[in-house]
Each structure stands twice: as structure tokens, then as C-alpha cells.
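Keep in mind that what you see is a predicted model, and the values were worked out from it rather than measured.
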Amino acid sequence: NFSPRHVVLQVLSDMSENSHQCVIIGIAGASASGKSLIASTVYKELKEKVGDHQIGVITEDCYYNNQSHLTMDERVKTNYDHPNALDHNLLCDHLQRLIEGKAVEVPQYSYSEHTRLKETTPMTPKKVIILEGILLLTDPRLRELMHASVFMDTPLDICLLRRLQRDVAERGRTMESVLVQYQKTVRPMFMQFIEPSKQYADIIVPRGGKNRIAIDVLKAHIAKLLKS
Ligand code: C5P
Ligand code: MG
């Protein structure tokens, strides 16, 4: 049937199908609250179902501002827990491109150099993109792009313990520097920006990234979005 009404209905139904060709799930919460862990668990477990190249994880940390023009002394002074430290314009642009079915080059970031590396990681369009990062839910443009959002509500003392261990073992820090940074910026910025962004989450996950029921709920919801 080629009546104008049917053509319009067909276009509208194509559009609504397109809108779910790329499901974007956002996971926010304090530093070391288990965001990366829950993201990689859902990624691994869904990969088997949706297909190897159909699901990907994007870490907000890859989109910290490039600081290669600054000296090391200057880089250390940056407040890495403030929204201004991040290039959300580039992140939004990349998500938009992926939604349009185009590939992007995700920046690589060095926590010990406090800047972007020259290398990038190519990413092809996906059916499912899991975004994870501390400040994702503070940005209305990113919230708009998400089909569902999660806030990891892990107690701050647990986060601090984990951050201490991790930053010393994996991010080239001293215990002293982790504690100074925690008091100067990490905790205050959590109170000012991250905690208040919890109101935008659809799901609030207590205890951390190993919360089995939260993982299963997320997987089931993503599967449902993919079917609709
Ligand atoms: O993985 P996680 O969410 O903990 O990463 C975010 C944290 O990384 C922020 O709390 C920020 O303080 C820290 N960061 C840092 N140095 C950088 C970039 C980020 O300590 N150069
Ligand atoms: Mg992380």
C-alpha cells in the first residue's frame, strides 16, 4: 500500500527502529565504586549472546582533556574530578557518530602521564555501548543519549580503600599523593557534582560491581531494549 499515510507510518516505524539500533547504557558513581567492574562483567556476559563485535565499553576517562602542551608540574595541579577536566564535546561527538553507524577513534589516556597518548583505539558501531565514568550523569547531553543509567552507590570508605590500592599498584602513584588528592579534590568534587547526579539514575546499585542481581537486571534490560 503506497498511500501517503502508509508512507508516513513506514518512515516513522523505520525511525523508531533506528533509534534502538544502538543501545547506550551509562554507569556513573564515585571513583573506585565498581563502575569498570560491572561494565566489564555485563560486557563479557552479553558478548556471548549479542555477538563479539556488537557490544563495546567506553570509559569516560579516555576523554580527559589532552594536556600534552603542559609541563608535568602543571598537569599535577589539574582537578581531575571537576567536569571541566573532561572533553565531553568529543565524547558526545563520538557517540553521535557511532549512533549514525560510523566508526570512531577512542583516545587512549595515561594516568601516570596525565594526558592522552598518541595512539587511539578504533571502535566500530555497536548494538550496545556501555559508558562508564564518574561525571557522566552531570551532563544533560550525555543523559539525553542514554537509554538507561546506573549509579554505583558504594560506601565512600570502601571506594577510598580500593582507590588507594589501585592507584599505587596500577596508576603510578604514591600512597601520600593519593591521600592528598583525595582530600583536596576527589571527595569535595564527589559531594559537589557526583552525588547530586544520582537523582538522574534509573537504577541505584548498592555494595559494588559484584552485585549479581544488579548485573542480571542490567543484562535483562539491555536484552529487552534490543528486542523492542
Ligand atoms: O576509574 P575511576 O573512575 O576511579 O577514574 C576516575 C578518577 O581518576 C578520578 O577520580 C580522578 O581523580 C582520577 N584521575 C587521576 N589522574 C588523572 C586522571 C584521572 O587521578 N590524570
Ligand atoms: Mg574505572
Side-chain angles (χ1 to χ4, degrees), residues 14-29 31-64 86-88 90-109 116-117 119-137 139 141-154 166 170 197 200-205 207-228:
D14 286 352
M15 278 166 67
S16 70
E17 269 170 32
N18 279 341
S19 72
H20 274 167
Q21 264 174 11
C22 176
V23 168
I24 300 179
I25 308 292
I27 302 176
S31 169
S33 58
K35 302 179 297 295
S36 310
L37 179 61
I38 200 166
S40 70
T41 308
V42 171
Y43 168 79
K44 278 181 209 143
E45 295 183 13
L46 270 185
K47 210 165 74 165
E48 294 160 16
K49 283 201 189 136
V50 217
D52 231 5
H53 304 290
Q54 290 304 339
I55 174 161
V57 177
I58 295 183
T59 300
E60 187 188 33
D61 295 10
C62 297
Y63 292 83
Y64 270 111
L86 286 148
D87 190 351
H88 276 181
L90 184 64
L91 175 56
C92 287
D93 181 62
H94 280 184
L95 290 172
Q96 206 61 59
R97 280 164 179 273
L98 288 165
I99 292 168
E100 288 164 11
K102 296 171 190 154
V104 297
E105 294 290 329
V106 177
Q108 287 184 23
Y109 190 74
R116 274 185 209 159
L117 300 175
E119 297 80 19
T120 55
T121 312
M123 186 166 198
T124 53
K126 309 283 178 210
K127 278 190 191 153
V128 183
I129 293 173
I130 304 171
L131 261 181
E132 64 97 359
I134 52 174
L135 290 158
L136 292 173
L137 290 179
D139 191 326
R141 295 170 302 170
L142 290 170
R143 294 201 301 265
E144 188 66 33
L145 290 171
M146 294 172 192
H147 296 95
S149 57
V150 179
F151 189 94
M152 302 303 290
D153 208 10
T154 313
R166 179 199 64 193
E170 297 167 23
S197 75
Y200 300 113
D202 299 309
I203 305 171
I204 294 174
V205 176
R207 295 191 299 278
K210 288 186 188 152
N211 186 324
R212 189 66 237 177
I213 293 183
I215 296 165
D216 289 343
V217 166
L218 261 178
K219 281 168 59 185
H221 187 69
I222 295 170
K224 193 182 127 196
L225 287 173
L226 285 172
K227 269 191 217 136
S228 67

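Between Lys35 and Thr59, the closest side-chain pair of non-hydrogen atoms is not below 4.5 Å. Leu95 has its side chain within reach of Leu142: a pair of non-hydrogen atoms, C-beta onward, lies under 4.5 Å apart. Side-chain atoms of Thr41 and Leu37, non-hydrogen and from C-beta on, do get closer than 4.5 Å to each other. Using a 4.5 Å heavy-atom cutoff, the side chains of His88 and Leu90 are not in contact. Residues Ile55 and Lys49 form no side-chain contact, since every pair of their non-hydrogen atoms from C-beta on lies 4.5 Å or further apart. Here the side chains of Leu137 and Arg143 are in contact, with some heavy-atom distance below 4.5 Å.
Here the CD-CG distance, from Gln21 to Leu226, works out to 11.0 Å after rounding to the nearest 0.5 Å. The CG atom of Asp93 sits 9.5 Å away from atom CG of Leu98, with the distance rounded to the nearest 0.5 Å. Rounding to the nearest 0.5 Å gives a distance of 13.5 Å between CG of Leu225 and NZ of Lys127. Put simply, CD1 on Ile25 and OH on Tyr43 are 15.5 Å apart, with the number rounded to the nearest 0.5 Å. Taking CG of Asp61 as the reference point, atom CG of Leu135 lies at 9.5 Å (rounded to 0.5 Å). One distance of note links CZ of Arg97 with CD of Glu105; it measures 10.5 Å at 0.5 Å rounding.
Minimum heavy-atom separation, Asp202 to Ala148: OD2-CA, 3.2 Å. Nearest heavy atom pair, residue Ser149 against residue Ala201, reads OG-CA, 3.3 Å. Heavy atoms only, all atoms of each residue included: Phe151 and Ser197 are closest at CE1-OG, 4.0 Å. Taking both residues in full, the closest heavy atoms of Leu131 and Met146 are given as CD1-CE, 4.3 Å, listed atom of the first, atom of the second, then distance. Here the shortest heavy-atom pairing between Arg141 and Cys92 reads CB-SG, 3.8 Å. Closest approach of Glu132 and Ser36 over heavy atoms only: OE2-OG, 3.0 Å.
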Could you please spell out the steps behind the side chain to side chain contact (heavy atoms under 4.5 Å, CB included) verdict for Ile99 and Leu145?
CA-CA 9 Å; Ile99 292 168; Leu145 290 171; 3.8 Å; yes
What verdict does the side chain to side chain contact (heavy atoms under 4.5 Å, CB included) test give for Ile27 and Met152, after you've listed the backbone C-alpha separation in whole Å, the side-chain angles of each residue and the deciding distance to 0.1 Å?
CA-CA 7 Å; Ile27 302 176; Met152 302 303 290; 3.9 Å; yes
Side chain to side chain contact (heavy atoms under 4.5 Å, CB included) evaluation trace for Ile130 with Leu218:
CA-CA 11 Å; Ile130 304 171; Leu218 261 178; over 6 Å; no
Before giving the answer on side chain to side chain contact (heavy atoms under 4.5 Å, CB included), spell out for Leu91 and Leu136 the whole-Å C-alpha distance, their side-chain angles and the decisive distance to 0.1 Å.
CA-CA 10 Å; Leu91 175 56; Leu136 292 173; 4.0 Å; yes
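Residues satisfying the side-chain hydrogen bond (donor to acceptor under 3.5 Å, both in side chains) criterion with Lys210, sequence neighbours excluded, are absent altogether.
Distance alone, capped at 3.5 Å, places no donor-acceptor pair between the Thr124 side chain and the Ala103 backbone.
Sorted by first and then second residue, the salt bridge (charged side-chain N to carboxylate O under 4.0 Å, His left out) pairs with a member in residues 217-228 read Glu45-Lys219; sequence neighbours excluded.
Around atom CD of Glu119, more than 12 heavy atoms belonging to other residues, nucleotides or ligands sit under 6.0 Å away.
Look at Arg116 and Asp87 and you find a salt bridge, because one of the NZ, NE, NH1 or NH2 atoms lies within 4.0 Å of a carboxylate O, short of that distance.
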